Amino acid sequence: AALLLAMVDVDLVVELDDSEPSRLISVLRPDVCIKGADYADGSKSMPEAAVIEGYGGRIAFVETVDGLSTTQRLTAIGEDR
């Protein structure tokens, strides 16, 4: 989260315990929601899309890089502590 917040164009980072972010998104109403490109073809469920599109927000898809995973990196950092 700290690395994302250090980016100039990032206003807010929220860590969720809930696998379905629709309620939080409907409150925060971000202009752009970022999802991995693996969601772009519609093969993965993205229930929050209806909420985002409903208030005029936009979903941007970013390419993933094989072998690079946020979860893997955070796990490795935790193991180093």
Side-chain angles (χ1 to χ4, degrees):
L3 291 173
L4 291 172
L5 282 171
M7 301 171 99
V8 172
D9 294 325
V10 175
D11 296 320
L12 178 70
V13 174
V14 177
E15 295 179 44
L16 293 175
D17 290 336
D18 190 350
S19 63
E20 219 287 53
S22 293
R23 190 170 61 119
L24 180 62
I25 289 171
S26 69
V27 171
L28 296 177
R29 298 173 62 105
D31 296 325
V32 181
C33 288
I34 308 297
K35 294 294 278 190
D38 51 333
Y39 284 86
D41 66 3
S43 64
K44 287 182 148 184
S45 176
M46 198 168 66
E48 67 271 23
V51 173
I52 296 164
E53 293 164 354
Y55 67 77
R58 184 170 63 91
I59 302 168
F61 298 99
V62 295
E63 291 299 320
T64 56
V65 177
D66 287 337
L68 293 180
S69 159
T70 304
T71 302
Q72 290 171 342
R73 296 301 307 143
L74 292 174
T75 300
I77 291 168
E79 290 171 353
D80 288 342
R81 290 184 167 221

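Residue numbers start at 1 and run along the sequence shown. Quick note: numbers below take in every heavy atom, side chains included, and nothing from hydrogens, waters or symmetry partners. Worth saying up front: this structure is predicted, and the values here are computed from it rather than measured.
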Enquirer: Can you list every pair that meets side-chain hydrogen bond (donor to acceptor under 3.5 Å, both in side chains) and has a residue in residues 44-60, with sequence neighbours left out?
Expert: Lys35-Glu48, Asp38-Lys44

Enquirer: When you group the ILVMFWY residues by side-chain heavy-atom contacts below 4.5 Å and let the links chain together, are Phe61 and Val51 in the same group?
Expert: yes

Enquirer: Can you list, pair by pair, the side-chain donor-acceptor contacts under 3.5 Å of residues 1-15, counting residues two or more places apart and other chains?
Expert:
none

Enquirer: Can you find a pair of side-chain heavy atoms, one from Met46 and one from Ile52, that are under 4.5 Å apart?
Expert: no

